[in-house]
Colleague: 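Structure in structure tokens, see below.
Only a predicted model underlies this, so the values are computations on that prediction, with no experimental measurement involved.
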Amino acid sequence: MELLDESMAKGFRRVDRDQQFLLPVDMREWLPQDHVVWILLEAVDHLDLTRIESRYALGGTGRRAYDPRMMLALLIYAYADGVRSSRQIERLCRTDVAMRVICGLQVPDHTASPASGSTRTR
């Protein structure tokens, strides 16, 4: 029997961009329908990320990893906007409407960002 590495993630955190709130906080209303974020999210959804997802060590006792599609969309959007700093990306996930939509209101720590150079998958 193979022992599970305690640093392994349990699985992926679910990104729920359809989450309804009491106020007019339907994320689909935060940005115009023709905003580039919607195009980016649709494009990323059509990518085959099985090679990236297979690098994650899932099933462990650690907390769930951020969805690779969300992280990829976040990185593409940030880089296209000229933001390269993982700390700045984290800060913008709290304040920038487009990035908040991409993240589904989750705020990945700057150490989890691909911009940090972290390759902590296995």
Side-chain angles (χ1 to χ4, degrees):
M1 182 171 146
E2 185 177 333
L3 295 176
L4 289 177
D5 183 353
E6 289 186 19
S7 65
M8 292 171 41
K10 289 182 182 179
F12 297 116
R13 294 178 188 209
R14 185 169 162 265
V15 177
D16 186 6
R17 292 184 186 92
D18 294 326
Q19 174 66 39
Q20 297 292 315
F21 296 92
L22 295 176
L23 301 172
V25 194
D26 182 346
M27 281 186 261
R28 293 167 292 199
E29 295 178 11
W30 290 2
L31 298 170
Q33 289 182 355
D34 62 347
H35 195 282
V36 69
V37 163
W38 303 122
I39 298 165
L40 173 62
L41 291 172
E42 186 174 334
V44 169
D45 279 345
H46 285 87
L47 295 175
D48 179 9
L49 299 184
T50 53
R51 289 187 65 185
I52 293 172
E53 291 170 347
S54 69
R55 294 198 49 168
Y56 281 84
L58 303 177
T61 57
R63 66 178 177 192
R64 293 182 174 271
Y66 291 103
D67 186 306
R69 291 181 187 285
M70 182 267 288
M71 296 298 282
L72 178 61
L74 178 62
L75 188 64
I76 291 170
Y77 185 79
Y79 276 32
D81 203 31
V83 179
R84 305 286 192 281
S85 163
S86 59
R87 292 179 189 272
Q88 181 66 13
I89 292 171
E90 177 184 0
R91 206 170 5 264
L92 288 171
C93 287
R94 296 181 195 284
T95 60
D96 183 87
V97 173
M99 288 195 174
R100 293 181 74 184
V101 168
I102 291 171
C103 296
L105 295 180
Q106 297 178 35
V107 180
D109 185 84
H110 66 275
T111 59
S113 168
S116 72
S118 172
T119 57
R120 196 175 152 229
T121 55
R122 263 194 198 167

Colleague: Using modelled atom types and a 3.5 Å cut-off, is there a donor and acceptor pairing between side-chain atoms of D96 and backbone atoms of A98?
Modeller: yes
Colleague: Taking atom CZ of R17 and atom CE of M70, what is their separation to the nearest 0.5 Å?
Modeller: 7.5 Å
Colleague: Is the closest basic N to carboxylate O distance between D16 and R14 below 4.0 Å?
Modeller: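 Result for this pair is yes, salt bridge flagged.
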Colleague: List the atom of R69, the atom of L49, and the distance in Å for their closest heavy-atom pair.
Modeller: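 Distance-wise, the nearest heavy atoms are CG-CD1, 3.3 Å.
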Colleague: How far does CZ of R100 sit from CH2 of W30, to the nearest 0.5 angstrom?
Modeller: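 Nearest 0.5 Å value for the CZ-CH2 distance: 4.5 Å.
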Colleague: Working to the nearest 0.5 angstrom, can you tell me the gap between D34 CG and I39 CD1?
Modeller: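 Taking CG in D34 and CD1 in I39, the distance rounds to 7.5 Å.
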Colleague: Mind checking the CD1-CG spacing from I76 to L47? Nearest 0.5 Å is all I need.
Modeller: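 I76 CD1 to L47 CG: 7.0 Å, rounded to 0.5 Å.
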Colleague: If you compare all heavy atoms of Y66 against all heavy atoms of F12, which two are closest, and at what distance to 0.1 Å?
Modeller: O-CD2, 3.8 Å
Colleague: On a heavy-atom basis, which atom in L41 and which in A73 lie closest, and how many Å separate them?
Modeller: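 Nearest heavy atoms, L41 then A73: CD2-CB, 3.9 Å.
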Colleague: Distance check, rounded to the nearest 0.5 Å: L105 atom CG versus R94 atom CZ?
Modeller: 12.0 Å
Colleague: Taking W38 for its side chain and R28 for its backbone only, find out whether a donor-acceptor pair lies under 3.5 Å.
Modeller: no
Colleague: Determine, using the 4.5 Å side-chain heavy-atom cutoff (strictly less than), whether I89 and V107 are members of one ILVMFWY cluster.
Modeller: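 Hydrophobic grouping puts I89 apart from V107.
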Colleague: Considering non-hydrogen atoms only, spot the tightest contact between E90 and P108 and give its length.
Modeller: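 Shortest heavy-atom separation between E90 and P108 comes out as CG-O, 3.5 Å.
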Colleague: Quick one: closest heavy-atom pair of Y77 and L40, and the distance?
Modeller: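 Looking at all heavy atoms of both residues, the shortest contact is CB-CD2, 3.7 Å.
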Colleague: Hey, could you give me the CG/CD distance between L74 and Q106, rounded to the nearest 0.5 Å?
Modeller: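 Here the rounded value is 11.0 Å.
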